[in-house]
Structures are given as structure tokens and as C-alpha cells.
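All figures in this text were calculated on a predicted structure; none of them were measured in a lab.
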Amino acid sequence: MKLTTIPPSTMAARRVSETTARPDVSYVECAQLPLTLAESTAYPMAIVTFGQTLSSTFPCPVIALDLPQIDGPPMAEVWTSDRLITLHTDPACSIAMNGNVLIGSMSLEEGADRSMDAAAYEAYKAILHQLHTLGYPYLWRIWNYFPRINDDQNGLERYRRFCLGRHHALTKTLADFPSSLPAATAVGTKSGPLQIMFLAGTQPATHLSNPRQLNAYDYPQDYGPRSPSFARATLTRSEEECRLYLSGTASVVGHASRHAGLPRAQTEETIRNIQAVFEQAQHAAGFNLIGTQRQALYKVYVRDSASHAEIQDAIMHSPLSGEQVLFLQSDLCRKELLVEIEGLIISG
Ligand code: 3EB
């Protein structure tokens with residue numbers, strides 16, 4: 001274990017605001033990354049890449065996902081803080097903290113003696129342990145990535161094994177399970193270990209349901225022996241802003257998948273789901289998400305890149321048009337799902 005604090009000499013050169021400890025997020029062209037960060041007064045907290053290897057190193061967790069970007073120049077998702085950060089690194093886990101928010105990444109290889117359920121269990125136990133030790137006990141947002149998500153492993157689909165291990169760890173260790181479960185994404189990479197990125201806070205957040213969908217943690221056993229442990233969205237608030245972390249959202253109504261084989265219809269159903277979550281957020285936060293947001297970032301996970309044009313067209317004819325959208329080629333957690341959309345909407 002190693003604890004690193006950025007030296008005061010670096011800090012003095014930067015403006016530190018006490019009231020805005022929220023992280024900023026943006027998509028930055030990979031080629032521009034070193035320059036963008038060098039010119040910024042903010043501290044990097046995490047960098048996420050999509051099927052790219054960065055040539056420079058950065059003083060923060062770097063999460064390289066084998067999720068090929070479908071179009072446009074290679075982008076990275078960059079999380080920065082205007083407040084001094086502390087880094088915590090060990091071989092499996094890399095964490096950046098700014099006093100209010102923690103961003104971390106856990107990576108765990110599977111093996112002959114570690115099936116996907118065991119890997120998920122171990123990873124989640126370790127993450128929760130870290131969050132408690134470091135003083136950021138409230139989970140705000142989780143991203144889960146692993147390869148061959150729909151493959152069978154000894155009679156049970158790997159995604160279902162993942163849900164089993166995650167559920168086992170969280171029921172044991174997460175206070176107020178399941179109402180404290182955060183927004184999440186779980187999608188399949190082309191290769192790599194189990195990679196989990198997580199955001200946690202010193203303060204609790206508000207977790208939302210979608211009235212068009214059953215809570216995932218209440219899904220019947222048709223979808224696996226233990227239900228997926230996540231909320232449809234998570235809302236955080238500070239003096240300056242409201243922020244909605246929208247879970248990976250798909251063409252699921254109630255608990256059933258809709259429009260098998262039809263990428264455009266699935267995208268349209270997904271957008272209706274997203275709008276229903278926005279309405280919930282509006283009730284909970286008292287602000288209008290569409291039209292008044294300061295910033296919105298979306299990721300669209302596309303199972304088959306041949307349906308990219310149709311999915312993109314459906315998005316361009318929706319309230320999401322005009323926002324920053326990254327299209328990534330990924331496998332999704334039910335075989336019939338062809339598209340999944342997640343987002344981060346910041347207002348204020
Ligand atoms: C769904 O609604 C689609 O297992 O963490 C979306 C977001 C989905 C997160 C997860 C699964 C997860 O059930 C699948």
C-alpha cells in the first residue's frame with residue numbers, strides 16, 4: 001500500500017476552492033490529453049480509455065477498457081478536481097480522493113480457482129472495505145466491466161455469476177441494502193480482467209427508481225439466482241449544482257426485455273426509460289434536467305457495430321441530441337439487448 005500526496009509546491013501554483021470539491025468530467029481527445037492536463041489548474045482524479053493505450057503516464061488512476069470506440073477520434077473520459085487530491089494505490093486497486101469524493105478502480109484476474117462469482121465477491125468486499133477505511137462510506141456510482149459476459153461458466157452465465165457474487169458481498173457489507181444501492185453499469189469488454197470503477201462520497205446520495213421498470217434488485221429469478229444490485233439513477237447535490245448519474249439503461253420494461261432484434265425500437269424504448277428517470281430526478285431535486293443542464297455526457301454501448309447508424313439516428317431524434325455522446329462496442333448483460341445508454345447530467 002502506498003499513500004501519496006501531491007507536494008505543496010505543486011499545490012501553491014494552483015487555485016484551490018473550498019466549496020467546489022465535486023469532480024469535473026469531460027471527454028478529451030487522447031492526443032490532446034497531456035496538453036489539456038498540463039494547461040489545466042485542476043488535478044486529474046481518473047482517466048478512462050476505450051480500446052486505446054495512452055503513451056504518457058498520469059498521476060491518477062487510469063482505467064483502460066477494451067471497449068472499442070465506434071466513431072470519431074479516440075477520446076478519454078477525464079475526471080478532475082479543483083481541490084488537492086490524495087492517491088492510494090495497491091496492486092489491485094487505485095484510488096484518488098479530494099475530501100468529498102473518491103474515485104477508484106479495482107482490477108481482479110479470474111483463474112482456475114476464482115470463478116466470476118468469486119471474483120465479483122472478492123472485488124466488492126475489497127472495495128467496501130477500502131471505502132470504510134478511507135472514510136468515504138457512501139457508494140454513488142459503479143461501473144462493472146468484464147469479458148465474455150454472456151458465456152456460460154459451469155452451467156451459469158458469467159453475468160449471472162457476477163450478480164451472484166456482487167449480491168453476496170453487498171448484502172453482507174452494505175448498510176441499508178438494497179435502498180443504498182447506487183447507479184451502475186455492467187457491460188462486456190473484448191478482453192481484460194474484471195474491472196470495477198467506483199465513485200463514493202463522504203455524504204450520502206439519493207438513489208432513484210424508474211416507475212417504468214421494476215427495481216433491478218427485485219427482478220425475479222428468471223434472470224439469475226441473485227438479482228442485479230443497482231439503482232436506476234443516483235442524485236448528488238452541493239451548494240452549486242445537482243448531478244444525476246444515470247445507470248446503464250436498456251429496453252427493459254417491468255423486468256422484460258422489449259423489441260428483440262430491433263435496435264431502433266430498443267433505442268427508442270431506452271430513451272423513454274431515461275425520460276421517466278429524469279422525471280423522478282426532477283421530483284427529487286426540484287430541477288429540470290432537459291434544457292437547463294450545464295453539461296451532459298452519455299455513453300452508448302452498442303452490441304453490434306452494424307446497428308450503430310440506426311441507434312445514432314434514433315438518438316439524434318431524441319432529447320439527447322446535441323449532447324456529448326460516446327459510442328462504444330460492448331456486449332450487454334442480456335443476449336437480446338442490443339443497446340444500453342448511461343449518462344451524467346449536471347445542472348446548476
Ligand atoms: C437492466 O435494466 C439492464 O448489473 O449492474 C443495466 C445497468 C443493467 C446495470 C448491472 C445491468 C446493470 O437490467 C442491465
Side-chain angles (χ1 to χ4, degrees), residues 2-65 67 69 72-89 93-105 134 136 140-141 143 195 197-203 236-245 293-299 322-326 328 342-348:
K2 190 161 65 95
L3 272 170
T4 326
T5 300
I6 288 169
S9 55
T10 322
M11 185 186 141
R14 304 185 185 224
R15 195 170 44 81
V16 179
S17 157
E18 288 305 315
T19 53
T20 55
R22 71 197 188 268
D24 271 315
V25 199
S26 56
Y27 296 147
V28 176
E29 274 189 44
C30 290
Q32 303 297 324
L33 208 50
L35 187 65
T36 305
L37 288 173
E39 284 179 345
S40 169
T41 56
Y43 302 93
M45 289 192 81
I47 297 171
V48 188
T49 62
F50 310 96
Q52 292 287 319
T53 321
L54 298 175
S55 41
S56 318
T57 58
F58 299 95
C60 67
V62 175
I63 301 122
L65 302 172
L67 291 176
Q69 198 182 312
M75 306 296 273
E77 180 184 82
V78 181
W79 296 74
T80 58
S81 170
D82 52 10
R83 213 194 256 190
L84 188 67
I85 66 161
T86 303
L87 297 174
H88 169 105
T89 44
C93 189
S94 179
I95 285 173
M97 299 165 272
N98 77 357
N100 286 34
V101 182
L102 172 155
I103 305 181
S105 136
L134 296 168
Y136 296 74
W140 286 1
R141 181 54 165 110
W143 292 263
Q195 290 165 287
M197 177 170 159
F198 46 97
L199 232 71
T202 56
Q203 300 296 319
T236 64
R237 270 170 279 209
S238 67
E239 290 120 65
E240 300 88 13
E241 59 159 48
C242 272
R243 173 181 286 232
L244 185 75
Y245 293 96
Q293 75 276 17
R294 179 160 63 80
Q295 190 190 8
L297 298 169
Y298 292 93
K299 286 194 205 92
E323 304 296 355
Q324 288 173 272
V325 182
L326 216 52
L328 305 173
E342 65 166 56
L344 170 55
I345 297 92
I346 301 174
S347 116

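One distance of note links CD of Gln195 with CG of Leu65; it measures 5.0 Å at 0.5 Å rounding. Expressed to the nearest 0.5 Å, how far CG of Leu134 lies from CE of Met97 amounts to 4.5 Å. Here CD1 of Ile63 is found 9.0 Å from CZ of Phe50. Values are rounded to the nearest 0.5 Å. In this structure, CG on Leu244 lies 8.0 Å from CG on Leu344, to the nearest 0.5 angstrom.
Taking Glu241 as the reference, Arg22, Arg243, Arg294 meet the side-chain hydrogen bond (donor to acceptor under 3.5 Å, both in side chains) condition, with sequence neighbours excluded. Glu342 is linked by a side-chain hydrogen bond (donor to acceptor under 3.5 Å, both in side chains) to Arg141, Trp143, Thr185, Lys299, Tyr301, counting only residues two or more places apart in sequence or in another chain. Residues that satisfy the side chain to side chain contact (heavy atoms under 4.5 Å, CB included) test with Thr80, not counting sequence neighbours, are Asp24, Leu37, Ala42, Val78. Among residues two or more places apart in sequence or in another chain, the side chain to side chain contact (heavy atoms under 4.5 Å, CB included) test is passed with Gln324 by Tyr27, Gln295, Leu297. Partners of Leu35 by side chain to side chain contact (heavy atoms under 4.5 Å, CB included), not counting sequence neighbours, listed by chain and number: Gln32, Glu39. A search for side chain to side chain contact (heavy atoms under 4.5 Å, CB included) contacts involving Ala296 returns Gln293, Tyr298, Glu323, Ile345, not counting sequence neighbours.
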Problem set entry | Test log, rule side-chain contact (heavy atoms from CB on, under 4.5 Å), inputs Arg83 and Asn100 | CA-CA 10 Å; Arg83 213 194 256 190; Asn100 286 34; 3.3 Å; yes
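Across all non-hydrogen atoms, the minimal contact from Asn98 to Met45 is N-CE, 3.9 Å. Taking both residues in full, the closest heavy atoms of Gly104 and Ile95 are given as CA-CG1, 3.9 Å, listed atom of the first, atom of the second, then distance. Phe198 and Cys93 get closest at one heavy-atom pair: CZ-SG, 4.3 Å. Across Val48 and Trp79, no two heavy atoms sit closer than the pair CG2-NE1, 4.4 Å.
Between the side chain of Gln52 and the main chain of Ala76, no donor-acceptor pair closer than 3.5 Å is present. Judged purely by atom type and a 3.5 angstrom limit, Ser26 has no side-chain atom pairing as donor or acceptor with the backbone of Val28. The closest donor-acceptor contact from the side chain of Tyr136 to the backbone of Gln203 lies at 3.5 Å or more, if one exists at all.
Proximity of Leu33 to Phe58: side-chain heavy atoms (C-beta onward) are separated by under 4.5 Å at one or more points.
Here the options are Ile103, Leu87, Ile47, the test is side-chain contact (heavy atoms from CB on, under 4.5 Å), and the partner is Pro61; only Leu87 passes.
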